[in-house]
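In this text the structure is predicted, and so the values were computed from the model without any measurement.
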Amino acid sequence: MRERIRVFGGAALAAVYVPGKRDDTLQLVESAGGSGARYGLLPSYPLSAHAPVVDAFRTGRPLWLNAVGVASYGESGPETLPAQISLGALPLGANGQPVGCLVVVDDVADGFDAERRNFLELYADQVTAWLEAGGEPNTHAIGRTGPRPMLGPALDRFCVGSFTLVLSTGQIDADSRVLDLVDIPQDAFDGRVETLLAHTVPDDLPSLMSIVEPGHMTSGGRELEFRIRRPTGELRWLRLRARRLADGGGKPERVLGVVADAAHLRPSADEVSRVQRLSVALAGAMTVRDVSRAVVAALRDPLGADRVALAELEADRLVVTVLDPPEPEAWPELWRSEWRSEWPDAPARALPTLEAALREGRMSLWTAGSALEPGLAGIGPGGLAVLALPAEGRVVGSCLIGWDEPHEFGPEERSLLTATAGLVGQALVRARSLDAEHELATMLQRSLLPRKLPNLPGGVAVARYLPATVGLAVGGDWYDVIPLSENHVALVVGDVQGHNAGAATIMGQMRTAIRAYAVEGHPPDVVVSRANRLLVGMETDLFATCCYVAIDMEEGDAWCVRAGHLPPLLRDPDGSTREVVIEGGPPLGVLAEAEFPMTTVALAPGAVLTLLTDGLVESSSLHLEDGMRRVCDALSTADPTDVGRMADQLLGGVNRRDDDVALLLLRYDGIGVRPLRAGWTVWRLPDAVAHARRFTSRMLRSWRVTEERDAILLIVSELVTNALVHTQGQVRLDLTLTGERLRVAVSDASPRAPVKPATMNWEATGGRGILLVQAVSASYGSVPLSGGKQVWAEVALQPREPGVTTRVP
């Protein structure tokens, strides 16, 4: 013990006093370097006594006495102190309360100089820290109850060494105890600080560099813990306390420090559990936003931080993904000036310290008072940690953590920050990849869905689509609204098995096929049967489900076909909601000759028909029956006047989704004024065209259409003639009067559409009819029908008296 004390300030004697069993005394529990009685030290002192150890303990301030001061105490104190000695009494405090007093004595008369005082005070601080860690001689003194063990034998095992660092040269004078703690043989030490730093764990280097670089160190000194890697690979925890000494001009000149063994600082179970919780949270983070939320939850409150910022590194730009707190006024002016949208772009070019930390790719720590640019100093005036987030051998982002009050970075905290940096870097790379994949998948799927729904006569249709948030792969859900002829419309919702590009491809093919079959005029059961045979012929392992509903918007009749899909839901005008009972058939792509029964449902004006996929009503935590009941209840209570809001309300509780969601709603209003229709089967007779013209004239007279009569008869003549000359089989003429437009449609059994001549000259004997029809009509076209086609033309009519051209049902 004597040798150790002489290292710390050259003291000849050291003694430790602690409160005794009675709170009104101080008891001597350890002395080293000789007998305390030799220097007049008593085994115990009442707290009312006039003695250096009592005064230092009571006031909580170090007491330094030269020979004169010691003599003055000897004249009035209870002990007889020898002449020509110097004495120091240093209070020991833990958690803000006194736990004892360290007394040092030297055989000199002029007292301890400033450097020796600094060393002894640092030594006292190390003793106090050791007591806080579990070696306290008097647990009652720090507010606890329990036995009062003696300090002596334990203090002998308390390893502590000292060093002096010259800042201008980097030369360090370390005693043998420091070299033993760092595992450097004395004959192999070259006196360079880099040699000591080389044994330090890389994660703890930023803290130690703050000691070596005086600009980071406050005048009051530093206290920190760090780890060294022993030759065996084992980690050793050390505690360092250091003070800066300045020259006559106030410039930092030297650093005095003491190093002690701190085996009690090994990672605690709480630290490990924090890292485990963060790992679990990041493992479930599927997006960059999820990663950001997990980082804030893991760091801000547990570390008592005031600000946390996370940014991705894209090329040479830092893209902020989260700032917590999110209010702009909580961040420095430089950040607020870059605020453009939800988060600002990190002003990296104006923060050279941040850029340097990212280039180095390691954690950087700055304590209170560090010389930083305002954009960083304002984030953490009391302490700032900058984590470079590594992944795949490069830096992918940065995390900034700031404190307003002075903050010291303990070893557990540094370990947590280091582990956080690695975990978050990997999670960011994975989340960014998933985000890009999800964006591509969503873009692909949305490109296969209708961009907008058509305006329907006698009703309003709205659709909603939400991709899955679990798995983030492209799905096979689709919807479509298909306008048909004669005020008919088809609604379809379907779902292809799986979540991948193959499912999306099949989805696009099935949607196109069903639309094509529907536009040809096939009934619903035929449309679904043909789509089924098409999918079977694709020789794919995937199957699909769908629900197809064709609606006559004039009469309110709906024909429903279900292929392995959920039935539609119908909300009646009185608000009651039910599932439509449909027999249904197997999924598409399973049996080539499967049958798909058709069910007829009557719609009353004000009814809402809902088609949906199972992602809305079924999940790992929601049974199908409960989901359907929930949607029915939501439909019953929703306001049908706004169908879009009704659809949004149905999706309101759908957050984390196991599957895609496709939703299609149709509010049937009915057609108050129905069009007038008339049809004529054209027989293949020599005067067939004349019969068609006479039929048309009679209908025009009954409908009181006179001004446009000649143009309409010309259209009828040309279209009927073309059908009789160029096709075989039945020909039919249909006239439809709707509002201020009259439609002439001629159907035949040939699928070949009329061909408009590319050129026309005076010698041509045919082809002028199509040009005449286009010239006198407002619009003209051709649509396929089952086994044939329909050629049509519309003529705009002059306004007539109300009630003449239409009839009310």
Side-chain angles (χ1 to χ4, degrees), residues 284 286 442 445 449 453 459-473 475-481 491-499 507 544-549 551 558 560-584 587 599 601-604 606-668:
M286 305 302 294
T442 302
Q445 188 158 31
L449 297 174
L453 300 185
V460 178
V462 298
R464 296 290 186 268
Y465 170 78
L466 296 178
T469 58
V470 176
L472 301 180
D477 290 22
W478 89 90
Y479 62 86
D480 205 355
V481 177
L491 309 179
V492 59
V493 162
D495 185 4
V496 178
Q497 171 200 13
H499 287 82
M507 179 266 283
T545 65
C546 79
C547 183
Y548 181 96
V549 180
I551 304 174
C560 307
V561 175
R562 185 166 63 91
H565 200 80
L566 296 175
L569 305 177
L570 181 61
R571 181 190 190 276
D572 292 322
D574 60 2
S576 59
T577 304
R578 68 183 188 279
E579 295 182 18
V580 179
V581 180
I582 302 176
E583 181 178 349
T599 302
V601 179
L603 303 180
V608 178
L609 186 67
T610 302
L611 280 69
L612 68 165
T613 57
D614 56 0
L616 180 62
V617 294
E618 187 177 24
S619 68
S620 57
S621 59
L622 181 65
H623 293 293
L624 177 62
E625 294 78 8
D626 296 335
M628 293 290 282
R629 184 163 49 251
R630 181 185 64 83
V631 174
C632 288
D633 293 342
L635 281 172
S636 298
T637 58
D639 182 7
T641 59
D642 189 339
V643 189
R645 180 175 296 180
M646 177 182 285
D648 294 337
Q649 290 177 353
L650 294 182
L651 299 176
V654 182
N655 295 320
R656 186 173 177 86
R657 298 177 296 279
D658 300 328
D659 199 358
D660 300 345
V661 174
L663 178 66
L664 182 60
L665 273 70
L666 170 73
R667 186 188 67 211
Y668 174 71

Checklist entry - Quick one: does Thr610's side chain have a donor or acceptor within less than 3.5 Å of a partner on Leu665's backbone? => result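 Checking the backbone N and O of Leu665 against the side chain of Thr610, no donor-acceptor pair under 3.5 Å is found.
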Checklist entry - Would a distance-only check, ignoring hydrogens and angles, find a side-chain to backbone donor-acceptor pair under 3.5 Å from His565 to Leu612? => result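 Side chain of His565 to backbone of Leu612: a pair is present.
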At what distance, to the nearest 0.5 angstrom, does [atom1] of [X] lie from [atom2] of [Y]?
{"X": "Met646", "Y": "Arg571", "atom1": "CE", "atom2": "CZ", "answer": "5.0 Å"}
{"X": "Glu625", "Y": "Glu618", "atom1": "CD", "atom2": "CD", "answer": "8.0 Å"}
{"X": "Leu650", "Y": "Cys632", "atom1": "CG", "atom2": "SG", "answer": "10.0 Å"}
{"X": "Asp572", "Y": "Arg578", "atom1": "CG", "atom2": "CZ", "answer": "4.5 Å"}
{"X": "Ile551", "Y": "Leu491", "atom1": "CD1", "atom2": "CG", "answer": "4.5 Å"}

Next on the checklist: Apply side chain to side chain contact (heavy atoms under 4.5 Å, CB included) to residues Leu609 and Val601 and explain how you reach the verdict.
Outcome noted: CA-CA 11 Å; Leu609 186 67; Val601 179; over 6 Å; no
Checklist entry - Between the side chains of Asp477 and Thr613, does any donor sit under 3.5 Å from an acceptor? => result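 Yes, side-chain donor-acceptor contact under 3.5 Å.
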Item to check | From Val493, Asp660, Asp495, Val492, residue fulfilling side-chain contact (heavy atoms from CB on, under 4.5 Å) relative to Trp478 | outcome: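 Among the candidates, only Val492 passes.
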Checklist entry - Can you check side chain to side chain contact (heavy atoms under 4.5 Å, CB included) on Leu569 and Met628, steps first, answer last? => result CA-CA 9 Å; Leu569 305 177; Met628 293 290 282; 3.6 Å; yes
Can you give me the closest heavy-atom contact between [X] and [Y], atom names plus distance?
{"X": "Ile582", "Y": "Pro568", "result": "CD1-CD, 3.5 Å"}
{"X": "Thr545", "Y": "Gly564", "result": "CG2-O, 3.3 Å"}
{"X": "Ser576", "Y": "Ser636", "result": "C-OG, 4.4 Å"}
{"X": "Ala558", "Y": "Val549", "result": "CB-CG1, 4.0 Å"}
{"X": "Val608", "Y": "Pro640", "result": "CG2-CB, 4.1 Å"}
{"X": "Glu583", "Y": "Arg562", "result": "O-NH2, 3.4 Å"}

Next on the checklist: Quick check: do Leu664 and Leu453 have side-chain heavy atoms less than 4.5 Å from each other?
Outcome noted: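 Sidechains of Leu453 and Leu664: in contact.
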Checklist entry - So do Leu570 and Leu603 actually touch side chain to side chain, heavy atoms under 4.5 Å? => result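 Leu603 reaches Leu570 side chain to side chain.
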Item to check | From CA spacing to verdict: side chain to side chain contact (heavy atoms under 4.5 Å, CB included), Arg630, Leu616 | outcome: CA-CA 10 Å; Arg630 181 185 64 83; Leu616 180 62; 4.0 Å; yes
Next on the checklist: If you apply the rule side chain to side chain contact (heavy atoms under 4.5 Å, CB included), what do you find for Arg464 with Val661, and how did you get there?
Outcome noted: CA-CA 8 Å; Arg464 296 290 186 268; Val661 174; over 6 Å; no
Item to check | Verdict with reasoning, Asp648 to Arg645, per salt bridge (Lys or Arg N to Asp or Glu O under 4.0 Å) | outcome: CA-CA 5 Å; Asp648 294 337; Arg645 180 175 296 180; over 6 Å; no
